[in-house]
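Ligands are counted one by one from 1 in listed order, and the atoms in each one are counted from 1 as well.
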Amino acid sequence: MKTKIILDTDPGIDDAMAILFAEANPNVDLVALTTVFGNADIETSTRNALYLKQRFGMNCDVAKGVSKPLLRDPVGASTAVHGENGFGDIALDAPTIAADPRPAHQYIIDTVKAAPKEITLVAVGPLTNLAMAITQAPEIGDLVKEVVIMGGAFGTHDHTGNVTPFAEANVHDDPHAADIVFTADWPVTVIGLDVTHETFFSTDYIDTLRDTCGEVGEFMWDISRFYLDFYKSRMDVDGCFVHDPSAIAYVIDPSLFTLRKGPIRVVCDGPAEGLTIQKHKPTKHKTDEWAEKRPQQVAIAVNDQAVLDVYLDSMTQYGNRES
Ligand code: RIB
Ligand code: CA
């Protein structure tokens with residue numbers, strides 16, 4: 001049976017790779033893209049979601065989300081990583097289709113309530129829309145199937161941060177929202193840097209996508225030029241880590257990941273702002289800000305070759321389908 005997902009996203013180059021993966025894989029039913037600020041401002045990320053929907057003939061809804069974090073001052077769009085237009089500054093035609101009239105958090109609430117236990121929320125940007133949805137309608141906690149988050153870094157394999165030494169971008173963009181989402185009474189699985197920095201799209205791999213996956217592969221190759229330049233200049237690597245598509249890989253096949261259970265909190269200010277901490281030991285403490293919180297799942301290992309294989313298989317079949 002297909003897993004129905006709402007994909008909350010800030011497209012974004014790796015977001016586009018995740019969106020197209022969700023659209024391509026036959027075991028995923030992409031119900032909607034809900035947009036959020038992050039890699040780009042909210043107007044740009046929503047335009048990019050609509051662009052993908054129109055260009056690739058996707059059936060999903062698009063609902064526009066929030067433009068800024070709940071409490072902290074905005075960090076600003078990640079133009080150094082994703083370009084001014086979020087898609088590596090390639091030329092883009094303006095989409096001629098419109099978003100759903102509801103704000104993203106309302107779309108999430110309505111859709112989860114209309115299909116109890118059927119919808120998996122997958123978030124690959126700052127967690128502001130999800131925090132607003134669960135705060136305004138706590139009853140959806142019992143109605144979602146699962147909440148899958150690309151975000152955070154828990155120190156496995158020494159992966160501790162990408163925008164600060166101890167924070168991952170999506171959590172750092174809105175740490176208060178992340179703390180709400182991780183501590184809410186719903187089932188969360190976190191696909192953080194612990195595993196996304198263990199899976200790598202080499203330049204050769206992306207060349208293969210271009211050569212074997214038709215128009216969709218060429219598009220991913222085009223938008224990733226800017227992204228790969230950033231990786232080369234910042235980290236001296238030939239390729240990029242696999243962030244947002246890893247969350248979709250988990251939805252498709254959870255057995256590719258090793259999970260650890262325990263409540264999660266987020267540091268919301270100071271030099272470690274955005275640090276994510278999971279208490280996975282049963283030790284009792286007199287003072288414990290984790291103790292009463294719901295245990296959630298954090299991915300700490302991944303079968304990286306299997307993720308690469310399922311991605312390439314999905315995109316090859318999708319790119320060569322008969323329309
Ligand atoms: O830290 C990686 C995450 O930050 C990804 O979701 C990427 O798209 C950026 O938003
Ligand atoms: Ca993202």
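The OD2 atom of D244 and the OD2 atom of D15 subtend an angle of 70° at the Ca ion (ligand 2), given to the nearest 10 degrees.
Per-residue contacts place A169 under 4.0 angstrom from the following atoms of ligand 1 (heavy atoms of the residue considered): 1 (O), 4 (O). Under a 4.0 Å criterion applied to the non-hydrogen atoms of N162, ligand 1 contributes the atoms 1 (O), 2 (C). In the vicinity of M150, heavy-atom distances shorter than 4.0 Å reach the ligand 1 atoms 2 (C), 3 (C), 5 (C), 6 (O).
Only the backbone of V124 comes within contact range of ligand 1, with a heavy atom under 4.0 Å; no side-chain atom does. Heavy atoms of D15 found under 4.0 angstrom from ligand 1 belong exclusively to the side chain. Heavy atoms of I13 found under 4.0 angstrom from ligand 1: none, in either backbone or side chain. Contacts between D10 and ligand 1, counted as non-hydrogen atom pairs separated by less than 4.0 Å, involve the side chain only.
The closest side-chain donor-acceptor pair between Q54 and T96 falls under 3.5 angstrom. Counted by atom type alone, D313 and Q317 present zero donor-acceptor pairs between their side chains at under 3.5 Å.
If you check each of D173, N39, V36 against atom 9 (C) of ligand 1, the one with the closest non-hydrogen atom is N39.
When only non-hydrogen protein atoms are considered, atom 8 (O) of ligand 1 lies nearest to D14 OD1, 2.6 Å. Given atom 4 (O) of ligand 1, the protein heavy atom at minimum distance is N170 OD1, 3.3 Å. Nearest protein neighbour of atom 6 (O) of ligand 1, counting heavy atoms only, is D244 OD1, 2.6 Å.
Looking only at its N/O/S atoms, D10 has OD1 as the one nearest to the Ca ion (ligand 2).
Residue side and main chain included, V124 places an N/O/S atom under 3.0 Å of the Ca ion (ligand 2). Counting backbone and side-chain atoms alike, D14 contributes no N/O/S atom closer than 3.0 Å to the Ca ion (ligand 2).
When ring centroids are compared, Y231 and F241 come within the 6.0 Å threshold. Aromatic rings of F21 and Y318 (six-membered ring for Trp) have centroids beyond the 6.0 Å cut-off, not under it. Taking the six-membered ring for Trp and the full ring otherwise, the centers of H82 and F87 sit at least 6.0 Å from each other.
At most 12 non-hydrogen atoms from other residues, nucleotides or ligands lie less than 6.0 angstrom from NZ of K261. Counting non-hydrogen atoms of neighbouring residues, nucleotides and ligands closer than 6.0 angstrom, the OH atom of Y205 exceeds 12 such neighbours.
Under the 4.5 Å side-chain contact rule for hydrophobic residues, I42 and L7 do not share a cluster. Following chains of ILVMFWY side-chain contacts shorter than 4.5 Å, one cannot reach L143 starting from V251, and the two form parts of different hydrophobic clusters.
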Could you go through D288 and K279, starting from their C-alpha distance and side-chain angles, then the distance that decides it, and tell me whether this counts as salt bridge (charged side-chain N to carboxylate O under 4.0 Å, His left out)?
CA-CA 10 Å; D288 187 341; K279 184 188 177 202; 2.7 Å; yes
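Between E168 and ligand 1, a contact under 3.5 Å exists for at least one N or O pair.
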